[in-house]
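What follows is a set of notes on a single structure, which appears directly below.
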Amino acid sequence: MARPNEEVATLLQEYADLISITGGDAYKARAYEKAARAIGGYHEDVSTLDLKGLQRIPGVGKSIAEKVLEYFETGSVHAVEELRAKIPAGVRRLTEIPTLGPKRAMTLYEELGVASVEELVDAIHAGRLRGLKGFGEKTEENILRGVRLLRQAGERVPVNVAMELAEEIVAELSRVAGCRRCVYAGSLRRWRETIGDIDILAAAQQPGPLMDAFTSLPYVDYVVAHGDTKSSIRTTKGLQVDLRVVAPDAWGAALQYFTGSKQHNIRIREIAVHKKLKLSEYGLFDARSGERIVSESEEEVYERLGLPWIDPALREDRGEIEAALRGELPRLVTERDIRGDLHTHTDLTDGLCSLEEMVEAAARRGYAYYAITDHAPNLRMQRMSDEKMLAQRERVRELDGRYRGMRLLHGAELNIDPEGNVDWPDAFLAGFDLCVASVHSHFNLPREEMTRRLVRACENPYVNIIGHPTARLIGRRPGIDADFDEVFRACARTGTALEVNAFPDRLDLNDELILRAKRYGVKFAIDSDAHSTVHLGLLRYGVGTAQRGWLTPDDVINTWPLARLREFLRKGR
DNA sequence: GCCGTTTTCGGCCCGACTGTTTTCAGTCG
């Protein structure tokens, strides 16, 4: 199950949406949104807190605290149920369409009875939106484009959602008597950015007890299939999970088979055929005699085919097999290589935790260094000022080295305006240890202008890292259109790193762009973009994405010792 | 609904963009 904090956050967010849709007090809705974020990012398990403890969470008062208690005591919240009864769930789904908010979703429902995304699409095609006030031709286009985007993400879920569930199921099944091994495989093991269904593989002589335990997990909505070696369930959140149980001596071949990708496996089986062998999920066999040669570990399967073991993140048939044959597989960056995080926020801007809390949590992760990069003044909503930034710097200097010797870097996340300029003049920027610069608006500039904008930012001698370079939001917003090869050349030329933003709805750059950028000799920074202490752990998804992009520790500046990093950050100045 | 006081209400991130409208509502970051 999701962390209790996540559950409550989701519920409160839903309540906030319902308040907005029903035209309730906008400030009340915002209060619930704020509380949802605060609880989602809170370090303590909210299901263990009492009324007083809950009210200590910023943004949570008596009323919300009581609702949280009600939720854990009864499993639901009366006020939420009341609004749910008034508004079909499909109407809330409408607001997930980019450019369509609560007001117009309600108009569609009240005026036309539209209560789902499908009905909306039909209504548009039937011309039923014509003449509806506030809905013109462009609006229809935008809605249809938004729906396409929504459907592209389709039934897939963000990698972190699938990962949390998979790890819990693996832990649960590993406790079952007779279970020899249990892991997740499939696209999750390859660190794909979204996951369609979860594949779990277990080894046991007797699959029965594992199957029973699996199909009676508490979050099973219904059992899709319950067989001898394979079962499938659908969870209450709508995610499909498959469990496959194999004999312990077939473990390696099964793991290889169920990890995929399909394209990778096809290539591997071709190699087997050329060697007069046959590879299946049960083992590697002699094609003629049918005798099983190996199957116990992935390593021996690959080895018998004349290949070194290939990291799952590489298994996409993107050249990994050729590289393996030449003995030129990269030594991929791992989470253990990361010495620090270079893009994080505090409650000075839109973060949820104080500087001290963030620094302490970072130190607990064993980092050698850590950068604080709050937003700069051009994102007006953040209300940043020179004075606030300088005061923060002073505090950062005081705390430097006080937490397990971890060194602190004071930075900022600058805003790249449409011309490629950033928030402050050089003289002020010179006071920072590093600057991340990112696009936060004007996502639709013509390609040439967008390219010029990013190149210009790279050429700024104080911009060290381009944050979430395409600014995409998975399933919600496509990335900006620019000539990225031109941008990559600029990065390499100016000593500007590109970010691999680890936030699961960004994962930006993605694997394909990383691969392209790497060829220009660009360096990368894998950052959490944490807005709360619990976000620091999301870094693993950035590392997974970097692995899919074939990055080695040498490619990633925040694996370097501090002295080498500082030299890079000087940017030849 | 929360918060912070100027202790019991009044403010709450604020500006820009889009598409619609004809002066602005809705949406977004």
Side-chain angles (χ1 to χ4, degrees), chain A residues 8 11-39 51 54-68 70 77 79-80 83 94-111 129-146 149 345 347-352 374-385 388 413-419 423 438-445 467-468 471-473 476-478 480 501 503 505-506 508 529 531:
Chain A
V8 172
L11 186 78
L12 295 180
Q13 180 61 52
E14 181 187 347
Y15 191 50
D17 290 347
L18 291 172
I19 291 169
S20 305
I21 292 170
T22 53
D25 178 16
Y27 287 115
K28 183 172 162 184
R30 194 180 295 175
Y32 276 98
E33 277 177 18
K34 205 172 153 197
R37 275 199 310 277
I39 287 175
L51 197 67
L54 286 166
Q55 286 186 255
R56 270 196 292 273
I57 303 171
V60 177
K62 188 155 175 286
S63 174
I64 293 181
E66 281 172 352
K67 289 191 176 67
V68 174
E70 182 188 349
V77 176
V80 181
L83 282 188
L94 295 180
T95 65
E96 289 170 23
I97 301 170
T99 72
L100 192 61
K103 290 285 184 296
R104 291 194 296 183
M106 194 56 179
T107 301
L108 288 166
Y109 178 55
E110 285 187 322
E111 301 290 322
L129 269 63
R130 301 289 156 77
L132 202 59
K133 63 175 188 319
F135 292 82
E137 209 174 315
K138 280 283 177 59
T139 305
E140 292 188 2
E141 274 175 41
N142 284 337
I143 289 175
L144 289 176
R145 187 174 324 125
L149 203 64
H345 297 272
D347 59 6
L348 186 62
T349 55
D350 58 350
L352 296 163
D374 270 313
H375 288 288
N378 286 1
L379 275 191
R380 310 250 179 259
M381 61 179 181
Q382 306 293 354
R383 290 183 149 183
M384 179 52 77
S385 65
K388 280 161 89 173
E413 182 183 10
L414 307 172
N415 182 54
I416 305 175
D417 78 9
E419 278 75 47
D423 309 59
S438 326
V439 167
H440 296 104
S441 62
H442 302 87
F443 301 114
N444 295 315
L445 295 184
H468 44 75
R472 73 158 174 175
L473 291 173
R476 284 189 289 150
R477 185 174 69 210
I480 54 175
N501 188 297
F503 234 81
D505 64 349
R506 290 194 185 271
D508 182 11
D529 197 0
H531 285 65

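Residue numbers start from 1 in every chain, and the chains themselves are labelled A, B, ... in the order their sequence lines are given, proteins ahead of strands.
- Listed pair A:R104 / B:dT27 meets the phosphate criterion, a side-chain N or O lying under 4.0 Å from OP1 or OP2.
- Distance check on atom P: B:dT21 versus B:dC9 gives 43 Å, rounded to whole Å.
- Ranked by how close their nearest DNA chain B nucleotide is to the 5' end, A:E137 and A:P98 are led by A:E137.
- Ion pairing between a basic and an acidic side chain is recognised when a charged N comes within 4.0 Å of a carboxylate O; A:E140 and A:R130 show such pairing.
- Contact annotation: A:N142 side-chain N/O to B:dG19 OP1/OP2 distance is under 4.0 Å.
- B:dT8 takes the syn form, because its glycosidic angle lies no more than 90° either side of 0.
- Taking atom CG of A:L473 as the reference point, atom P of B:dC28 lies 11 Å away to the nearest angstrom.
- Under 4.0 angstrom from either OP1 or OP2 of B:dA16 there lies no side-chain N or O belonging to A:H442.
- Closest approach of A:D374 and A:M384 over heavy atoms only: CB-CE, 4.2 Å.
- Side-chain contact between A:V77 and A:Y15 is absent, with no heavy-atom pair separated by less than 4.5 Å.
- Dashed line: the shortest gap from a side-chain N or O of A:R30 to OP1 or OP2 of B:dC13 is under 4.0 Å.
- Across the protein-nucleic acid pair, A:L445 atom CG and B:dT18 atom C1' stand 15 Å apart, rounded to whole Å.
- Distance noted for atom C1' between B:dG10 and B:dG15: 23 Å (whole Å).
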Open item on the list: As a quick check of understanding, evaluate side-chain hydrogen bond (donor to acceptor under 3.5 Å, both in side chains) for A:K103 and A:T107, giving each step before the final call.
Closed with: CA-CA 6 Å; A:K103 290 285 184 296; A:T107 301; over 6 Å; no

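- Side-chain contact check for A:L132 versus A:L108: some heavy-atom pair is nearer than 4.5 Å.
- For the P atoms, the distance from B:dG1 to B:dT5 is 23 Å, rounded to whole Å.
- Taking the P atoms as reference points, B:dC12 lies 23 Å from B:dC17, given to the whole Å.
- Nucleotide B:dT8 forms no Watson-Crick or G-U wobble pair with any nucleotide shown, as no partner meets the under 3.5 Å limit on both distances.
- Nucleic acid contact for A:T139: sugar-phosphate only, since backbone atoms but no base atoms lie under 4.0 Å from a heavy atom of the residue.
- Atom pair A:Q13:CD and B:dG1:P shows a separation of 16 Å (rounding to whole Å applied).
- One interatomic measurement links the two molecules: CG of A:L54 to P of B:dC3, which rounds to 12 Å at whole-angstrom precision.
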Open item on the list: One pair to check against side-chain hydrogen bond (donor to acceptor under 3.5 Å, both in side chains): A:D423 and A:H375. What are the steps and the verdict?
Closed with: CA-CA 10 Å; A:D423 309 59; A:H375 288 288; over 6 Å; no

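- The shortest heavy-atom contact between A:A35 and A:V60 is CB-CG2, 4.2 Å.
- Residue order along DNA chain B, read from the 5' end via each residue's closest nucleotide, puts A:K138 first among A:T107 and A:K138.
- Taking the C1' atoms as reference points, B:dG29 lies 10 Å from B:dC13, given to the whole Å.
- Among the protein residues, A:K62 comes within range of the sugar-phosphate backbone only, with heavy atoms under 4.0 Å from sugar or phosphate atoms but none that close to a base.
- Distance, A:R130 CZ to B:dT20 P: 11 Å, rounded to whole Å.
- Of all the heavy atoms in A:I57 and A:A38, the pair that sits closest is CG2-CB, 3.9 Å.
- In the model, A:H442 has no side-chain atom that pairs as donor or acceptor with a side-chain atom of A:D417 under 3.5 Å.
- Here, B:dT8 and B:dG4 have their P atoms 16 Å apart, quoted to the whole Å.
- Sorted by residue number, the members of residues 22-29 of chain A with any non-hydrogen atom under 4.0 Å from DNA chain B read A:D25, A:Y27, A:K28.
- The shortest distance between the side-chain N/O atoms of A:T99 and the OP1/OP2 oxygens of B:dG26 is not below 4.0 Å.
- Per the geometry, CD1 belonging to A:I19 stands 7 Å off P belonging to B:dG1, to the nearest Å.
- The nearest whole Å value for the distance from the CZ atom in A:F443 to the P atom in B:dC28 is 12 Å.
- The separation of B:dC28 from B:dT23, taken at their P atoms, amounts to 26 Å, rounded to a whole angstrom.
- The side chain of A:R476 places no N or O atom within less than 4.0 Å of a non-bridging phosphate oxygen (OP1 or OP2) of B:dC28.
- Of the P atoms belonging to B:dT6 and B:dG11, the separation is 15 Å, rounded to the nearest Å.
- A:K133 places its NZ atom 15 Å from the C1' atom of B:dG19, with the value rounded to the nearest Å.
- Side-chain proximity of A:K103 to B:dG1, B:dG29, B:dG26: nearest is B:dG26.
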